[in-house]
Amino acid sequence: MTNASVVVLEPKTGEIRAMVGSVDYFNRDIDGQVNISISDRQPGSSFKMFSYLQAFETGAADGTPLSPASVVYDVRTAFEDPPNPPYVPENYDRKYHGPVRLRTALGSSYNIPAVKVLDLVGVKNVLNLAHKMGITTLDKNYGLALTLGGGEVKLLDMTYAYAVLANGGVMAGQPVPENDRREGFRKLNPVSVAKIVDADGSIKEEYTEPSTERIVSEQAAYLMTDVLSDNNARAPAFGLNSVLKLDRPAAVKTGTTSSWRDNWTLGYTPDYTVGVWVGNADNSEMEHISGI
């Protein structure tokens, strides 16, 4: 791993408190002048949040309610994908875990249950939710691998989406300029400029208070936060004393792409949302380094 990027947002205002595009802007050997925070990268399992949030918000597409207590079977499953061969996902640990509650499946980031949840709620519905929560990419056709990070997103967008959860399901920021608005996509942007002052000291532009929009219900946001901050739910995969356990309640989700090209961690408290990416800007593989 030669590079990294981080975004820190304030969920209640949408303000960018810190944004680091690369570890060294002047290092050409690592493509340091590429701002990874606004570059398209695959998010790995950090994208699973959208599938489970859709499940908690609306239930399955057939009307079946889904909650963190719902059970799915983590067993070998072949999903039909005509005209392509059946899609057979595998878990990160190459094991099957039998019947598991959605709480444990998400907390421990099991792949097969995540694909089953996406299949239950519908790819289109999850894409629509992701776009409303802040994702500005993913405008193609996607299959069930979407929930495992099969599309490309931006770190800034992902951090902004997780900030919606940190703010109880409400997006805060400034309105998207009229010319940049797209049907079905987010209506607010994170705030990067607090004030513009000219040479005479006159204020030309100033961000004073956020615009807000409820994106998901308070109940669904609460359930997601409760699961992502449940240390016992992630213990089967990460252990009870992993580096994800802080000295205060904090929600967190990791992501690792195939061949270890991208590693992500998205986390939040009510005060701050943090998104971290590590990898190589040229998309070369790392040496078996996971998102944790």
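A ring-ring contact (aromatic ring centres under 6.0 Å, His included) check over residues 27-70, counting only residues at least two apart or in different chains, returns the pairs F47-F50. For the side chain to side chain donor-acceptor pair (under 3.5 Å) condition, the pairs that include at least one residue of residues 7-21, sequence neighbours left out, are E10-R17, T13-E15, E15-R17. Counting only residues at least two apart or on different chains, the ring-ring contact (aromatic ring centres under 6.0 Å, His included) pairs with a member in residues 127-179 are H131-F185. Applying the salt bridge (Lys or Arg N to Asp or Glu O under 4.0 Å) definition to pairs two or more places apart or across chains, those involving residues 141-165 are D40-K154, D157-R186.
Listed by chain and residue number, I196 satisfy the side chain to side chain contact (heavy atoms under 4.5 Å, CB included) test with V193 (two or more places apart in sequence, or in another chain). Every residue meeting the side chain to side chain contact (heavy atoms under 4.5 Å, CB included) condition with D62, not counting sequence neighbours, appears here in chain and number order: A60, T64. Not a single side chain to side chain contact (heavy atoms under 4.5 Å, CB included) links D247 to another residue, sequence neighbours left out.
Taking a 4.5 Å side-chain heavy-atom cut-off between Ile, Leu, Val, Met, Phe, Trp and Tyr, the cluster of V197 extends to I203. The other members of the hydrophobic cluster of Y73, by chain and number, are V75 (side-chain heavy atoms under 4.5 Å, ILVMFWY only). In the hydrophobic clustering, where aliphatic and aromatic side chains (Ile, Leu, Val, Met, Phe, Trp, Tyr) are joined below 4.5 Å either directly or transitively, V170 stands alone. When hydrophobic residues (I, L, V, M, F, W, Y) are linked wherever their side-chain heavy atoms come within less than 4.5 Å, the members clustered with Y207 are V191.
The shortest side-chain heavy-atom distance between Q174 and L188 does not fall under the 4.5 Å cut-off. Inter-residue side-chain proximity for W277 and V6 is flagged as unmet; no heavy-atom pair is nearer than 4.5 Å. You'll find the side chain of T77 stays beyond 4.5 Å of the side chain of V88, heavy atoms only. No side-chain heavy atom of P236 sits less than 4.5 Å from a side-chain heavy atom of H97. Residues T147 and V126 have side chains not in contact (no heavy-atom distance under 4.5 Å, counting atoms from C-beta outward). Using a 4.5 Å heavy-atom cutoff, the side chains of E213 and K132 are not in contact. Between V252 and L228 the shortest side-chain heavy-atom distance does not fall below 4.5 Å. You'll find the side chain of V153 reaches within 4.5 Å of the side chain of W264, heavy atoms only.
Among all heavy-atom pairs drawn from R41 and R261, the shortest one is NH2-O, 3.8 Å. Between A251 and T225 the shortest heavy-atom distance is CB-O, 4.1 Å. The minimum heavy-atom distance linking A105 with V100 is given by the pair CB-CG2, 4.0 Å. Nearest heavy-atom pair across A172 and P210 is CB-CB, 4.1 Å. For P190 against L9, the heavy-atom pair with the smallest separation is CB-CD2, 4.2 Å. Of all heavy-atom pairs spanning N111 and S45, the tightest one is OD1-OG, 3.8 Å.
Here the side chain of S284 pairs no donor or acceptor atom with the backbone of N280 at under 3.5 angstrom. With hydrogens and angles ignored, the 3.5 Å screen pairs a side-chain donor or acceptor of T159 with a backbone N or O of L155. No donor-acceptor pair under 3.5 Å is formed between the side chain of S109 and the backbone N or O of L106. The backbone N or O of Y268 lies less than 3.5 Å from no partner atom in the side chain of T273, so there is not a single donor-acceptor pair. Put simply, the side chain of N167 never gets that close to the backbone of G169: no donor and acceptor are under 3.5 Å apart. Without hydrogens or angle criteria, D81 side chain to N84 main chain gives no donor-acceptor distance under 3.5 Å. Using modelled atom types, no side-chain atom of N189 and backbone atom of G173 make a donor-acceptor pair closer than 3.5 Å. A donor-acceptor pair is defined here as one N or O able to donate and one able to accept, closer than 3.5 Å; no such pair exists between the side chain of N91 and the backbone of D93. Side-chain atoms of N263 never come within 3.5 Å of backbone atoms of T256 as a donor-acceptor pair (strictly under, hydrogens ignored). Judged purely by atom type and a 3.5 angstrom limit, S108 has no side-chain atom pairing as donor or acceptor with the backbone of Y110.
Within the model, atoms CG of L148 and OG1 of T257 stand 11.5 Å from one another, a figure rounded to the nearest 0.5 Å. The line from CG of N283 to OG of S39 is 11.0 Å long, rounded to the nearest 0.5 Å. Rounded to the nearest 0.5 Å, atoms CG (L146) and CG (L138) are 6.0 Å apart. Note that CG of L244 is 12.0 Å distant from OG of S229, once rounded to the nearest 0.5 Å. Within the model, atoms OG1 of T58 and CG of L129 stand 8.5 Å from one another, a figure rounded to the nearest 0.5 Å. Taking NZ from K116 and CG from L120, the interatomic distance works out to 9.0 Å, rounded to the nearest 0.5 Å.
Counting non-hydrogen atoms of other residues, nucleotides and ligands closer than 6.0 Å to CD of E285 gives a total above 12. Within 6.0 Å of atom CG in N141, 12 or fewer heavy atoms from other residues, nucleotides or ligands are found, so the atom counts as exposed in its surroundings. No more than 12 heavy atoms of other residues, nucleotides or ligands shown are found within 6.0 angstrom of CD on E209.
F238 and V243 fall within a single hydrophobic cluster, where Ile, Leu, Val, Met, Phe, Trp and Tyr side chains are chained together by heavy-atom contacts under 4.5 Å. V121 and I112 fall into different hydrophobic clusters, where Ile, Leu, Val, Met, Phe, Trp and Tyr residues are linked whenever their side-chain heavy atoms come under 4.5 Å apart, directly or through other members. Grouping the Ile, Leu, Val, Met, Phe, Trp and Tyr side chains by contacts below 4.5 angstrom, directly or via other members, places I215 apart from V176. In terms of hydrophobic clustering, with Ile, Leu, Val, Met, Phe, Trp and Tyr side chains grouped at heavy-atom distances under 4.5 Å, V72 and Y96 are assigned to different clusters. By the criterion of side-chain heavy atoms lying less than 4.5 angstrom apart, applied directly or through intervening Ile, Leu, Val, Met, Phe, Trp or Tyr residues, I38 is grouped together with V34 in one hydrophobic cluster.
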Applying side chain to side chain contact (heavy atoms under 4.5 Å, CB included), run through M171 and K187 and close with a yes or a no. CA-CA 9 Å; M171 177 178 283; K187 298 177 182 177; over 6 Å; no
Walk me through whether L266 and V274 qualify under side chain to side chain contact (heavy atoms under 4.5 Å, CB included). CA-CA 6 Å; L266 282 298; V274 182; over 6 Å; no
Should L53 and M133 be marked as a side chain to side chain contact (heavy atoms under 4.5 Å, CB included) after you check the CA-CA gap, both sets of side-chain angles, and the distance that decides it? CA-CA 11 Å; L53 183 60; M133 290 187 71; 3.4 Å; yes
After noting the C-alpha distance and the side-chain angles of D226 and R103, does the key distance pass the side chain to side chain contact (heavy atoms under 4.5 Å, CB included) rule? CA-CA 9 Å; D226 188 63; R103 174 180 295 275; 2.7 Å; yes
Working note: E57 + S217, criterion side chain to side chain donor-acceptor pair (under 3.5 Å); need CA distance, chi angles, decisive distance, verdict. CA-CA 7 Å; E57 178 81 329; S217 68; 2.6 Å; yes
Only pairs under 3.5 Å count here: list side-chain donor-acceptor contacts from residues 19-26, not counting sequence neighbours, and write none if there are none.
unit_1, atom_1, unit_2, atom_2, d
S22, OG, G32, O, 2.6
D24, OD1, F26, N, 3.1

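Side chains of D200 and S202: a donor-acceptor N/O pair is absent below 3.5 angstrom, by distance only.
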